[in-house]
Undergrad: 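Quick one: this structure, given as structure tokens, is what I'll be asking you about.
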Amino acid sequence: MRLDKFLCDCSDLTRSLAGKLIRQGEVVVDGIVVKQPAFHINEQSQVEFDGVLLTLSQGNRYFMLHKPEGYVCSNEDPDHATVFQLLDEPAMGKLHVVGRLDLDTTGLVLVTDDGQWSHRITSPRHECAKTYRVWLADPVHSDAISLFADGVFLRNETDKTRPAQLELLGECEARLTIHEGKYHQVKRMFASIGNKVVGLHREQIGTLALDETLAPGEYRELTAEEIALF
Ligand code: URA
């Protein structure tokens with residue numbers, strides 16, 4: 001993590017003021033004055049400002065990320081980049097993704113270190129809605145609306161899917177809201193009616209929508225109001 005970001009995260013300083021103080025030689029890292037705001041520190045670094053050893057607040061952390069294609073939602077992966085490579089945060093090992101998206105799925109991903117909060121979102125008991133924009137290989141027949149509302153049988157599953165809401169947006173484009181999170185659920189639901197998902201983007205979790213100002217790969221902290229939604 002950059003020294004100027006660390007200084008901001010530990011204080012009420014703005015990034016520019018933090019940079020100015022660092023350039024003025026006010027910040028000491030491991031006993032040495034460091035004057036480069038972009039200097040990288042790690043979890044072991046001892047950072048002193050104004051004679052005080054800085055530590056990050058111990059509160060929980062909550063972020064939303066606009067996941068691009070080609071990133072996996074796990075902390076480590078031998079073959080692919082992980083969404084954690086898109087974050088610049090300390091103690092990354094403490095963070096986890098709330099409800100994974102497939103490698104090729106884009107859109108809203110929540111990241112936190114608060115296990116109880118993420119449980120409220122992912123636990124089947126809470127039936128938290130997840131809304132996806134879906135692009136399909138073949139035109140979607142309007143019958144799919146009632147089929148998905150009734151529930152469909154996914155391959156290798158004994159129970160029907162829970163009622164889901166399908167909105168047709170174009171011949172091969174739809175919005176689907178589901179209230180559970182089975183493995184590859186959206187792709188398997190469309191496969192069950194003989195269609196193939198060629199593009200998938202998560203727009204919303206519960207009433208929390210992906211911030212439109214976040215470009216793919218960008219993330220931001222959740223506000224207190226957003227955290228309180230779950
Ligand atoms: N359903 C899928 O099939 N894939 C996802 O990434 C999310 C939901």
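Throughout, numbering of the chain's residues begins at 1 and tracks the sequence.
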Undergrad: Does any pair with a residue in residues 31-41 pass side-chain hydrogen bond (donor to acceptor under 3.5 Å, both in side chains), and if so which ones, sequence neighbours excluded?
TA: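 Every pair satisfying side-chain hydrogen bond (donor to acceptor under 3.5 Å, both in side chains) with a residue in residues 31-41: there are none.
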Undergrad: Could you note down all residue pairs passing ring-ring contact (aromatic ring centres under 6.0 Å, His included) where residues 84-112 supplies at least one of them, sequence neighbours left out?
TA: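 Listed by first then second residue: nothing to list.
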Undergrad: Considering residues at least two apart in sequence or located in another chain, which fulfil the salt bridge (charged side-chain N to carboxylate O under 4.0 Å, His left out) criterion with E69?
TA: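 None.
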Undergrad: Which residue pairs pass the ring-ring contact (aromatic ring centres under 6.0 Å, His included) test when at least one of the two sits in residues 167-224, sequence neighbours left out?
TA: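 Sorted result for residues 167-224: F63-Y219, H66-H201, F148-F190.
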Undergrad: How long is the straight-line distance from CD1 of I41 back to CG of L7, given to the nearest 0.5 Å?
TA: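 Answer rounded to 0.5 Å: 9.0 Å.
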Undergrad: So, the side chain of H126 versus the backbone of C128: is there a donor-acceptor pair under 3.5 Å, distance only?
TA: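 Such a contact is absent between H126 side chain and C128 backbone.
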Undergrad: Is there a donor-acceptor pair closer than 3.5 Å between any side-chain N or O of K67 and the backbone N or O of G217?
TA: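 Not a single qualifying donor-acceptor pair exists.
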Undergrad: Write out all pairs satisfying side-chain hydrogen bond (donor to acceptor under 3.5 Å, both in side chains) with one or both partners inside residues 186-197, taking only residues at least two apart or from two chains.
TA: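 Every pair satisfying side-chain hydrogen bond (donor to acceptor under 3.5 Å, both in side chains) with a residue in residues 186-197: D102-K187, D104-K187, E157-R188.
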Undergrad: Restricting to non-hydrogen atoms, name the atom on I22 and the atom on V27 that form the minimum distance, rounded to 0.1 Å.
TA: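 Minimum heavy-atom separation between I22 and V27: CG1-CG2, 3.7 Å.
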Undergrad: So, T122 side chain and S118 main chain: donor-acceptor pair closer than 3.5 Å or not?
TA: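 Side chain of T122 to backbone of S118: a pair is present.
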Undergrad: Determine the minimum heavy-atom distance between V29 and S45, stating which atoms define it.
TA: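 Of all heavy-atom pairs spanning V29 and S45, the closest is CG1-CB, 4.2 Å.
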Undergrad: Quick one: pull up OG in S146 and NE2 in H141 and give me the separation to the nearest 0.5 Å.
TA: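 Output value for this atom pair is 10.0 Å.
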Undergrad: Would a 4.5 Å heavy-atom cut-off, applied to side chains only, mark L3 and V34 as touching?
TA: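 Contact flag for L3/V34 side chains = yes.
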Undergrad: Determine whether I205 and L200 fall in the same hydrophobic cluster, where Ile, Leu, Val, Met, Phe, Trp and Tyr are linked whenever their side-chain heavy atoms lie under 4.5 Å apart.
TA: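 No, it is not one cluster - the side chains of I205 and L200 are not joined through contacts under 4.5 Å.
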Undergrad: Rounded to the nearest 0.5 Å, what's the gap from CG on L229 to CG on L208? Could you check?
TA: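 That separation rounds to 6.0 Å.
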Undergrad: For D113 and G59, work out which heavy atoms get closest and say how close.
TA: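 The answer is OD2-O, 4.3 Å.
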Undergrad: State, with a plain yes or no, whether a side-chain heavy atom of T14 is found less than 4.5 Å away from one of L17.
TA: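 Sidechains of L17 and T14: in contact.
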Undergrad: Enumerate the side-chain hydrogen bond (donor to acceptor under 3.5 Å, both in side chains) contacts for residues 75-88, please, sequence neighbours excluded, ordered by first and then second residue.
TA: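 As it turns out, there is no side-chain hydrogen bond (donor to acceptor under 3.5 Å, both in side chains) pair with a partner in residues 75-88 once direct neighbours are skipped.
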Undergrad: What I'd like to find out is whether the side chain of V111 reaches to under 4.5 Å of the side chain of V98, using heavy atoms alone.
TA: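 They are not in contact (no side-chain heavy atoms under 4.5 Å apart), so the answer is no.
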Undergrad: If you round to the nearest 0.5 Å, how far is CE of M1 from CG of N42?
TA: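 Rounded to the nearest 0.5 Å, the CG-CE separation comes to 12.0 Å.
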Undergrad: Please check if F153 and I193 belong to a single hydrophobic cluster, counting links between Ile, Leu, Val, Met, Phe, Trp and Tyr side chain heavy atoms closer than 4.5 Å.
TA: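 No, F153 and I193 fall in different hydrophobic clusters.
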Undergrad: Using the rule given for side-chain contact (heavy atoms from CB on, under 4.5 Å), can you reason through L168 versus I145, listing the C-alpha separation, both sets of side-chain angles and the distance that settles it, and then say yes or no?
TA: CA-CA 8 Å; L168 302 184; I145 297 173; 4.2 Å; yes
Undergrad: Does T131 reach the side chain of L176, with side-chain heavy atoms less than 4.5 Å apart?
TA: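 SC-SC contact between T131 and L176 ruled out.
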Undergrad: Who clusters with V72? Use side-chain heavy atoms, under 4.5 angstrom, across I, L, V, M, F, W and Y, and order the result by chain and number.
TA: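 Members alongside V72: L103.
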Undergrad: Does the Q204 side chain pair with the main chain of G206, one donor and one acceptor, at a distance under 3.5 Å?
TA: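 A pair under 3.5 Å: yes.
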Undergrad: Only pairs at least two apart or in different chains count here, so list each salt bridge (charged side-chain N to carboxylate O under 4.0 Å, His left out) that has a residue in residues 117-137.
TA: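 Salt bridge (charged side-chain N to carboxylate O under 4.0 Å, His left out) check on residues 117-137 returns E127-R162, R133-E173, R133-E203.
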Undergrad: Could you tell me whether the side chain of W117 and the main chain of I227 form a donor-acceptor pair under 3.5 Å?
TA: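 Yes, W117 side chain to I227 backbone: donor-acceptor pair under 3.5 Å.
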Undergrad: Would you check if the side chain of T106 reaches a backbone N or O of P68 as a donor-acceptor pair within less than 3.5 Å?
TA: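 Checked: no pair found.
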Undergrad: Identify whether V109 and F230 are in the same connected component of the hydrophobic contact network (ILVMFWY, side-chain heavy atoms under 4.5 Å).
TA: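 No, V109 and F230 fall in different hydrophobic clusters.
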Undergrad: Compare every heavy atom of C73 with every heavy atom of L101, then report the nearest pair and how far apart it is.
TA: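 Result for this residue pair: N-SG, 3.4 Å.
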Undergrad: Is any side-chain heavy atom of T161 closer than 4.5 Å to a side-chain heavy atom of Q185?
TA: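 In contact.
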Undergrad: Can you tell me which residue among T223, D114, T112 is in a side chain to side chain donor-acceptor pair (under 3.5 Å) with Y62?
TA: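 Testing Y62 for a side chain to side chain donor-acceptor pair (under 3.5 Å) against T223, D114, T112 leaves exactly one candidate, D114.
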Undergrad: State yes or no: do L108 and V97 share one hydrophobic cluster built from I, L, V, M, F, W and Y residues joined by side-chain heavy-atom distances below 4.5 Å, directly or via other members?
TA: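 No; tracing contacts between hydrophobic side chains, which count when under 4.5 Å, never links both residues.
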Undergrad: Ring pair (Phe, Tyr, Trp, His ring centres under 6.0 Å) with F49: which residues, sequence neighbours excluded?
TA: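 Per chain and number, F49 pairs via ring pair (Phe, Tyr, Trp, His ring centres under 6.0 Å) with no residue.
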Undergrad: For Q24, I'd like to know if atom CD has over 12 heavy atoms of other residues, nucleotides or ligands within 6.0 Å.
TA: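 Result for CD/Q24: enclosed.
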Undergrad: Same cluster or not: V198 versus V186, using hydrophobic residues (I, L, V, M, F, W, Y) connected whenever any side-chain heavy atoms lie under 4.5 Å apart?
TA: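 As far as the 4.5 Å side-chain criterion goes, V186 and V198 are not connected within one cluster.
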Undergrad: Strictly by salt bridge (charged side-chain N to carboxylate O under 4.0 Å, His left out), give each pair with a member in residues 20-33 just once, sequence neighbours left out.
TA: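 The answer is none; no pair qualifies.
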Undergrad: Kindly indicate whether the side chain of L136, heavy atoms from C-beta on, has any atom under 4.5 Å from the side chain of D138.
TA: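 With C-beta onward as the side chain, the pair stays apart.
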Undergrad: Return the set of residues passing side-chain hydrogen bond (donor to acceptor under 3.5 Å, both in side chains) with Y132 (not counting sequence neighbours), or none when no residue passes.
TA: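 Here the qualifying residues are R202.
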Undergrad: With side chains defined as the heavy atoms from C-beta onward, is the minimum distance between L86 and L65 less than 4.5 Å?
TA: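 Yes, their side chains come closer than 4.5 Å.
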Undergrad: Considering non-hydrogen atoms only, spot the tightest contact between C172 and P139 and give its length.
TA: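 Result for this residue pair: SG-N, 3.6 Å.
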Undergrad: Just so I know, are the side chains of M189 and L154 near enough to count as touching, which here means a heavy-atom distance under 4.5 Å?
TA: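 Yes - at least one pair of side-chain heavy atoms lies under 4.5 Å apart.
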Undergrad: Applying salt bridge (charged side-chain N to carboxylate O under 4.0 Å, His left out) as the test, list every pair that has at least one member in residues 211-230; sequence neighbours left out.
TA: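 Salt bridge (charged side-chain N to carboxylate O under 4.0 Å, His left out) check on residues 211-230 returns D211-R220, R220-E226.
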Undergrad: Dump the intermediate steps for side-chain contact (heavy atoms from CB on, under 4.5 Å) on Q165 and R175, then the final yes or no.
TA: CA-CA 8 Å; Q165 293 72 51; R175 176 174 288 121; over 6 Å; no
Undergrad: Look at E89 together with K5 and state whether they make a salt bridge at an N to O cut-off of under 4.0 Å.
TA: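 Yes, charged N to carboxylate O under 4.0 Å.
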Undergrad: Please evaluate residues M92 and E43 with respect to the criterion side-chain contact (heavy atoms from CB on, under 4.5 Å), reporting the C-alpha separation (whole Å), side-chain torsions for both, the decisive distance (0.1 Å), and the verdict.
TA: CA-CA 10 Å; M92 209 89 84; E43 281 162 59; 5.9 Å; no
